[in-house]
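Each ligand, and each atom within it, is numbered from 1 in the order the structure gives. Sequential numbering from 1 along the given sequence is applied to the chain's residues. Atoms considered below: every heavy atom in the structure, side chains included; atoms not considered: hydrogens, waters and symmetry mates.
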Amino acid sequence: MTDPSDTFSIAVIGAGGKMGMRVSNNLVKTAYRTAYVENSPAGRERVVAAGRELTDAADAVSDADIVVFAVPDLALQSVTGDLVPQMKPGSIVLTLDPAAAYAGLLTTRPDVIQAVAHPCHPSVFLQRETPEQWADTFGGIAAPQDAIAAVESEDPAVQAIVEATVRAIFAPVIDVHWVTIKQLAQLEPTLVETIACMIGALLKESLDEAVNTMGVPEAAARSILLGHTQVALANSLRGDNPFSDACLIAMDYGRESIIKDDWKKVFRDDELDKNLARMLHLERIER
Ligand SMILES: NC(=O)c1ccc[n+]([C@@H]2O[C@H](COP(=O)([O-])OP(=O)(O)OC[C@H]3O[C@@H](n4cnc5c(N)ncnc54)[C@H](O)[C@@H]3O)[C@@H](O)[C@H]2O)c1
């Protein structure tokens, strides 16, 4: 098959935002014809300072085979409402988070394909070879990462275009994993924001407690926490070593003291809807 970057054009909406700048920095390294759209003065300045030319939304969207909507989730309803009607038949709407798509907030058209993609970020177990890879914790610069994608089309040609785009915007990418939009919402926010990021923030709060309330020297507390965080992840997620018998007892005490018995409810559909409604500032999700 021909490389889609030779033949397809992309519009990035919100090109001066956090993700817009990241995906644009990667798209300039490809052969895609790319148009950059941004409406805030600060964002427009960032696009121009990066050496990229701005295009009007109407021109960019009517010409694009793929429109990457890198605008805030709270703006996706109105922005897709404005721009999706101006897209070419057969073109692809690509959003970078499943929340608004799963909540049914995006303007859709029978002749426009809906796709969502999200970067996995580089794994904690990634074998990093260079200082640039070590520095790139977010991904999209030097450290290889996987990406998750969902596309509402069975057409392998459409999937190939989405995959090529995802590989380009989040480069370097190892694997693209295909799921449904609902599964992507079960992964993100539930698995990785509601649970993993919350536990990361809890670790930071615990460190502050040991240092500020208990008075343990910060260097000691930070060092033992970071080393044990690696051991906790390697033992639990990769089976590297068994936890010691004493550690297992301390882990049980932690679970009983900290975790609610019904915590797995966060994966239920009604709880996912509640979570998304909070994120999207809605009373409720109505599908
Ligand atoms: N920030 C992250 O770490 C991250 C990671 C993965 C996915 N995402 C997803 O990426 C998307 C963008 O998030 P972000 O954090 O980059 O947001 P952001 O607020 O940093 O940037 C959004 C940009 O869109 C611009 N914008 C808003 N409305 C516009 C319009 N009508 N036309 C043109 N430009 C417009 C804003 O001016 C801003 O520059 C969201 O769907 C988010 O969930 C973000």
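Taking each heavy atom of R44 and L54 in turn, the nearest pair found is CB-CD1, 3.7 Å.
Close contacts between ligand 1 and S40 involve ligand atoms 37 (O) [criterion: under 4.0 Å to a heavy atom]. Every atom of ligand 1 with a heavy atom of H118 under 4.0 Å away is listed here by number and element: 6 (C), 7 (C). Taking every heavy atom of I13 and a limit of under 4.0 angstrom, the matching atoms of ligand 1 come to 32 (N), 33 (C). The distance from ligand 1 to the heavy atoms of V79 drops below 4.0 Å at these ligand atoms: 31 (N). Those atoms of ligand 1 that come under 4.0 Å of a heavy atom in G14, given as number and element, are 23 (C), 24 (O), 25 (C), 33 (C), 34 (N).
In summary, of the residues considered (L191, T194, L272), a side-chain contact (heavy atoms from CB on, under 4.5 Å) with F267 occurs for L191 alone. The side-chain contact (heavy atoms from CB on, under 4.5 Å) with Y102 is formed by just one residue from the set D273, I285, L184, V116; it is D273.
Note: no N/O pair closer than 3.5 Å links R46 and ligand 1 by distance alone. Note: an N/O pair closer than 3.5 Å links G17 and ligand 1 by distance alone.
Heavy atoms of F138 found under 4.0 angstrom from ligand 1 belong exclusively to the side chain.
Looking at L105 and L76, their side chains never come closer than 4.5 Å, going by heavy atoms from C-beta outward. Residues M21 and R52 meet the side-chain proximity criterion, which asks for heavy atoms closer than 4.5 Å. Using a 4.5 Å heavy-atom cutoff, the side chains of Y32 and I169 are not in contact.
The protein heavy-atom contact nearest to atom 19 (O) of ligand 1 is P72 CG, 3.7 Å. Among all protein heavy atoms, the one lying closest to atom 14 (P) of ligand 1 is M19 N, 4.1 Å.
For the residue pair T190 / Q186, no side-chain donor-acceptor distance below 3.5 Å is found, with atom types taken as modelled. The closest side-chain donor-acceptor pair between E53 and T55, if any, does not fall under 3.5 angstrom.
Across V71, D97, L74, D82, heavy-atom proximity to atom 12 (C) of ligand 1 is greatest for V71. Across V68, D73, L96, heavy-atom proximity to atom 41 (O) of ligand 1 is greatest for D73. Relative to atom 38 (C) of ligand 1, the option among R22, K18, E38 with the closest non-hydrogen atom is E38. Nearest residue to atom 30 (C) of ligand 1 from V47, T80, N39 is N39 (criterion: closest heavy atom).
Within the 4.0 Å heavy-atom shell around ligand 1 one finds A70.
Taken from CG in D208 to NZ in K204, the straight-line distance is 3.5 Å, to the nearest 0.5 Å.
No donor-acceptor distance shorter than 3.5 angstrom exists from the side chain of R128 to the backbone of A143, with no hydrogens or angles considered.
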